[in-house]
2 protein chains.
Amino acid sequence: MNANIIRPTPEPTLRRLPAYHRVLQRLLDRGRTVVSCTHIAEDLGLDSTQVRKDLAATGIIGKPKVGYAVPALIDSIETYLGWKNVTDAFVIGAGHLGGALLGYDGFKAYGLNILSAFDNDPAKIGTTIYGKDVLPMDKLPDLVERMHVGIGILTVRAASAHEVADIMVMAGIKAIWNFTQVKLQVAPSIIVENMDLSASLAVLSRKLAERNEVSVSPVIPL
Amino acid sequence: MNANIIRPTPEPTLRRLPAYHRVLQRLLDRGRTVVSCTHIAEDLGLDSTQVRKDLAATGIIGKPKVGYAVPALIDSIETYLGWKNVTDAFVIGAGHLGGALLGYDGFKAYGLNILSAFDNDPAKIGTTIYGKDVLPMDKLPDLVERMHVGIGILTVRAASAHEVADIMVMAGIKAIWNFTQVKLQVAPSIIVENMDLSASLAVLSRKLAERNEVSVSPVIPL
DNA sequence: TAGATTGTTAATCGATTAACAATC
DNA sequence: TAGATTGTTAATCGATTAACAATC
């Protein structure tokens, strides 16, 4: 009955695709035309069945005994992730982090094009950061509509994060890349992806703490 | 036989602890002295059993019918994550992102203290970013040893990431917070935590692409 | 052809969620 | 006391890994 339910691709798969893409790009640079899952898996320290399933999610079909055509596979991943058509984005919050993202030119490869930044600080409004304008927040709704911008990159302080997110949603933003540590409660139709420094740092800190606990263990005093 | 094997805390648990910490901090500010799992779970949209297990991992013991003492719980999380003692770190790579991290003052709350940055670019060496020195890479080994710095935050370009990581490890760095998209192959004793923008962006991009695929579906031309 | 590799189904593993006894 | 909440064991769910037939 539920045989033809389409499951969305599991998030862990989506998260691994960029790593495959990088390996493939390097192989292409070296002139390789085909590659097997085993090869990719070994390169990244993963299980080859996992790689095969991940790649299958993008719609690519391989040849038994041969493997996958490298250019076709790169194309398949890029198409699947929507990296082939450029998507415009605004940075909301022109602080240190927001500024860094404005200056990062690696987003192009992922089809992400940051147009400009928005902020409420009069000292920042009217300036440019890495050649991109810092505009006042009240211009956001108008510009989101006129330029059909779907992605907002949220880099304000935690204290104003939710208030600003609400403004973004009302302005018509469809997806929020959330660099704050605030859990955003928004309508289910809005896509929220969290880039949580504190979560990552917690893993690092704990592993370091564990390591030190072990090394500091039973020392017999003289 | 294997009844007393100590399992390390699952990573998903570690990643959620900072969110609990934030909720608790807010409750403390409002003067709340006790809190139940249900309350925290509702606030964050999680399952209450999950919250209870996560908190138990930090060693806290609650009172049936009452809940947990807020200050004790905050303390338990901070101790568990090693946030109570300050850990020094170096930023390796003084580009846009490295600079942003040097300027971010939120790390203090997580016990992370960034001392200075290292870079190979003569134009950057000798300058300061947000009051912190940019030093030449060849001074890294000496300073890691003298100042007992355990954490290196890697923010160089992908092309030199692995080479620089190897230098960090040789210099005596114990944990690498890796902001590059390169999968680092280092000794198992070295802790590596990846902060992968491309993985996060892949999830966002795909969800947005899926959404558009649906909305653009069968349109009958006139 | 024989062997390597894909695609797919089954088994395992680990994390989440449900159930429930213990307890303040 | 009764009810709410903890702590813990059992059931469920989803992702990873293993097994294996199909195939170039």
Side-chain angles (χ1 to χ4, degrees), chain A residues 2-17 19-20 23-24 27 32-70 72-73 76-77 80 183 199 202-203 206, chain B residues 2-17 19-20 23-24 27 32-70 72-73 76-77 80 183 199 202-203 206:
Chain A
N2 50 12
N4 49 7
I5 285 178
I6 302 164
R7 275 176 206 281
T9 307
E11 268 199 30
T13 293
L14 295 177
R15 297 190 159 269
R16 283 186 295 263
L17 290 175
Y20 303 153
V23 170
L24 291 163
L27 289 171
R32 284 284 302 267
T33 57
V34 289
V35 66
S36 71
C37 286
T38 324
H39 185 99
I40 299 173
E42 271 171 15
D43 201 341
L44 293 168
L46 301 173
D47 182 272
S48 70
T49 304
Q50 182 168 71
V51 175
R52 203 172 301 123
K53 282 196 172 174
D54 287 345
L55 298 180
T58 72
I60 193 81
I61 293 171
K63 285 205 186 79
K65 155 111 177 151
V66 180
Y68 304 85
V70 174
L73 190 44
S76 180
I77 292 172
Y80 190 70
K183 153 110 196 180
V203 177
R206 178 59 205 165
Chain B
N2 49 12
N4 49 7
I5 284 177
I6 302 165
R7 278 177 205 281
T9 306
E11 268 198 32
T13 292
L14 295 177
R15 296 189 161 273
R16 283 187 295 264
L17 290 176
Y20 302 153
V23 171
L24 291 163
L27 290 172
R32 285 285 300 267
T33 56
V34 289
V35 66
S36 72
C37 286
T38 325
H39 185 98
I40 299 173
E42 269 171 17
D43 200 341
L44 294 168
L46 301 174
D47 182 272
S48 71
T49 304
Q50 181 168 75
V51 174
R52 204 170 302 124
K53 282 198 173 176
D54 287 346
L55 297 180
T58 71
I60 193 80
I61 292 172
K63 285 205 187 77
K65 154 112 177 152
V66 179
Y68 303 86
V70 174
L73 192 43
S76 181
I77 292 173
Y80 190 70
K183 154 108 195 180
V203 177
R206 177 59 204 166

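Lettering of chains follows the sequences in order, A, B, ..., and the numbering in each one begins at 1.
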For this session: Hunt down any stem DNA chain D takes part in, defined as 3 or more consecutive Watson-Crick or G-U pairs whose two distances are each under 3.5 Å.
Result: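 Stems for DNA chain D, defined as runs of 3 or more consecutive pairs: C:3-24 with D:3-24.
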Exercise. Counting distance only, does the side-chain N/O of B:R15 pair as donor-acceptor with the main-chain N or O of A:V203 below 3.5 Å?
Worked result: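 No; zero donor-acceptor contacts below 3.5 Å.
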Exercise. How far apart are the C-alpha atoms of A:Y80 and A:I77, what are their side-chain angles, what is the distance that settles it, and do they pass the side chain to side chain contact (heavy atoms under 4.5 Å, CB included) test?
Worked result: CA-CA 5 Å; A:Y80 190 70; A:I77 292 172; 5.7 Å; no
Problem set entry | Non-neighbouring partners of B:A56 that pass side-chain contact (heavy atoms from CB on, under 4.5 Å), sequence neighbours left out |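 Applying side-chain contact (heavy atoms from CB on, under 4.5 Å) to B:A56 gives none.
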Problem set entry | For B:S76, side-chain contact (heavy atoms from CB on, under 4.5 Å) partners two or more places apart |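 Result, side-chain contact (heavy atoms from CB on, under 4.5 Å) vs B:S76: B:T58, B:I60.
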Exercise. Which residue pairs pass the salt bridge (charged side-chain N to carboxylate O under 4.0 Å, His left out) test when at least one of the two sits in residues 45-68 of chain B, sequence neighbours left out?
Worked result: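 Sorted result for residues 45-68 of chain B: B:R16-B:D54.
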For this session: Could you pull out the closest heavy-atom pair between A:L55 and A:C37, with the gap in Å?
Result: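 Heavy atoms only, the tightest pair is CD1-SG, 4.3 Å.
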For this session: Show your working on side chain to side chain contact (heavy atoms under 4.5 Å, CB included) between B:L24 and B:I40 and close with a plain yes or no.
Result: CA-CA 8 Å; B:L24 291 163; B:I40 299 173; 4.2 Å; yes
For this session: Give, ordered by number, those residues of residues 32-52 of chain B having at least one heavy-atom distance below 4.0 Å to an atom of DNA chain C; if nothing qualifies, reply none.
Result: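 The answer is B:D47, B:T49, B:Q50.
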Exercise. For DNA chain D, which nucleotides open and close the run of contacts to chain A, 5' to 3', at under 4.0 angstrom from a non-hydrogen atom?
Worked result: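 Both ends considered, the range comes out as D:dA15 to D:dC24.
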Exercise. For DNA chain D, which residues in residues 53-68 of chain A have a heavy atom at a distance below 4.0 Å?
Worked result: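 Within residues 53-68 of chain A, the residues near DNA chain D are A:K53, A:P64, A:K65.
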For this session: Using the side chain to side chain donor-acceptor pair (under 3.5 Å) rule, collect all pairs that involve residues 34-44 of chain B, keeping only residues at least two apart or in two chains.
Result: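 Listed by first then second residue: B:R26-B:D43.
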Problem set entry | Distance in Å, B:K183 NZ paired with A:L46 CG, rounded so as to fall on 0.5 Å steps |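 So the NZ of B:K183 and the CG of A:L46 are separated by 6.0 Å.
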